[in-house]
2 protein chains.
Amino acid sequence: MFTQTATRTFSRAANNSPARAQIPGGSFFDSVTLMGAAMPYGRDAEIYGENEPADYVYRVISGAVRTYKVLGDGRRQIGAFYLPGDIFGLEAGEEHSFSAEAISDAKILVIKRTALMALAERESAVAHQLWSVTGQELRRVQDHILLLIKTAKERVGSFLLEMAKRRPSGNDVELPMSRQDIADYLGLTIETVSRTLTELENSASIKIASARHIVLRDRRALALLNR
Amino acid sequence: MFTQTATRTFSRAANNSPARAQIPGGSFFDSVTLMGAAMPYGRDAEIYGENEPADYVYRVISGAVRTYKVLGDGRRQIGAFYLPGDIFGLEAGEEHSFSAEAISDAKILVIKRTALMALAERESAVAHQLWSVTGQELRRVQDHILLLIKTAKERVGSFLLEMAKRRPSGNDVELPMSRQDIADYLGLTIETVSRTLTELENSASIKIASARHIVLRDRRALALLNR
DNA sequence: CGTACCATTGACGACGGTCAAAAAACGTGG
DNA sequence: CCACGTTTTTTGACCGTCGTCAATGGTACG
């Protein structure tokens, strides 16, 4: 299965407008927001590459981000999607283990790692929070593994519930990513994702208002796929 | 697919022989070994359960350990295997996210979490090492995800190479776990694992000396499965 | 309004799961 | 050390889910 992600590399966004935005999802990052700057990234722009030195930590202000790895034969696995408020790119080691790209046009808060580390050195509370962020990431990845052993219907259903939970807006789920992104996240093909969505629609579990706008019609039925 | 792990719960091993053993794989745990005690666990004995308070951190002295989750319908997913020297059960949060069992008779060093936390509070180096352990675990789980999107042959091949790397003894791989454990780790069935192993033997990539003793005959061929 | 790109649908086949049975391996007690 | 019963592993036959290849339909943007 091939998945040539369009490598139309956009500008690397080298501007430092110091926009200090208000973003959802409070965290310790709120208190160190002043240490960083908001940077704009275009659609599909690379934020960092696998194995690059992890000199910065990132937080999504607006838009969405995907992290991924590409296997030798071109198969792509998306590790996670990051939405406004989410922190990503924080590594306990020296290098990024995944690559990161903007899914849509996005504003990203960028913070120097050394600044955080220096603060953690003195404030054990900050050190604990850094650890905690990695711990949450670990949990997320562990849940992801559980997704990957399920059937296609279960994966898609769980995915929709996950997205609904992360962007609470009633039963409406706005998907910032393409079918290909979803497929590469769930370990499926676009065809299977598409077919499964229409299947869920036919069974009245969801309604596909448009390709990227899903309405959850029967959460109970979807939740059954999540066990 | 069902996977009823034999729930013949052995004794919970409630003895505190203070055996301070020499174990491979040096780490910061060496310096805090005196804070804990070596405990014996019988085959299939539970070390801790999912959602239990994570009051202890563990290190394998001898034997092997598996961590796992069981889905609603009985499917079991093994999160990791831990071999002598490996640390497990360290959580950034308050509870264990997986259950842990001894695969074979095992000796496990058990350390109070509060002791580590108190030390981390004062020594930022210790705090950094705790974070680092979680970070390594994160990497391991991320690699695990990559395994789960591969074909059966690739999964089994990669698994053998992983085990060989972790217990270096030439080309001989001694497997402490059953086919069922391997299957639940790789997201396959025992039948597929078994069939794939004989297939690898027929293609002269490995030799199955006995069920739990594999000899790597063609690492190059196996490595091709790992890309 | 036209042209890419993206999503959906269809036909077909392969990989791995399921069910079943045989063969090894293991442990226990005589 | 061997005999027997249990567990684990292997092998076989068959089937279903999902991947592949291909074509059609839809949507966004210049």
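The model shown is predicted, which means the values in this text are computed figures rather than measured ones. Each chain gets a letter, A, B and so on, in the order the sequences are listed, and its residues count up from 1.
- Distance CD1 (Ile208(A)) to P (dC6(C)): 18 Å, rounded to an integer number of Å.
- Remark: P of dG26(D) and CZ of Arg179(A) are 15 Å apart, rounded to the nearest angstrom.
- Classification of Glu162(A) and Lys165(A) as a salt-bridged pair fails, no side-chain N sitting under 4.0 Å from a carboxylate O.
- For Thr192(A) and dC18(D), the shortest distance from a side-chain N or O to OP1 or OP2 is not below 4.0 Å.
- Distance, Arg43(A) CZ to dC29(D) C1': 11 Å, rounded to whole Å.
- Remark on DNA chain D: of its neighbouring residues Ser210(A) and Lys153(A), the 5'-side contact belongs to Lys153(A), judged by nearest-heavy-atom nucleotide.
- Surrounding CZ of Arg212(A) are more than 12 heavy atoms belonging to other residues, nucleotides or ligands, all under 6.0 Å away.
- Side-chain contact, Glu137(B) with Thr134(B): no donor N or O sits under 3.5 Å from an acceptor N or O.
- The residue among Gly187(A) and Ala209(A) whose nearest nucleotide of DNA chain D lies closer to the 5′ end is Gly187(A).
- Tyr48(B) and Tyr56(B) have their aromatic ring centers separated by at least 6.0 angstrom.
- Interface remark: the Glu191(A) side chain does form a donor-acceptor pair with the dC21(D) base, using a distance-only criterion of under 3.5 Å.
- With hydrogens and angles ignored, no donor-acceptor pair under 3.5 angstrom links the side chain of Arg155(B) to the base of dG16(C).
- Residue contacts shown for Ser178(A) are limited to sugar-phosphate atoms, with no base heavy atom under 4.0 Å away.
- Which of dA7(C), dG16(C), dT9(D) sits closest to the side chain of Arg212(B) comes down to dT9(D).
- Counting to the nearest Å, the C1' atom of dT11(D) and the CD atom of Glu201(B) are 14 Å from each other.
- What separates CG of Asp181(A) from P of dA7(C) is a distance of 9 Å, to the nearest Å.
- Residue-to-nucleotide contacts include a donor-acceptor pair under 3.5 Å from the side chain of Arg195(B) to the base of dT18(C).
- With rounding to whole Å, Lys150(B) atom NZ is found 17 Å from dC15(C) atom C1'.
- Going from atom CG of Leu188(A) over to atom P of dT8(C) covers 14 Å, rounded to whole Å.
- Across the protein-nucleic acid pair, Glu154(B) atom CD and dG19(D) atom P stand 14 Å apart, rounded to whole Å.
- Taking the six-membered ring for Trp and thresholds of 30 and 60 degrees, His96(A) and Tyr58(A) have ring planes inclined between 30 and 60 degrees apart.
- Between Thr198(B) and the phosphate of dT11(D), there is a side-chain N or O to OP1/OP2 separation shorter than 4.0 Å.
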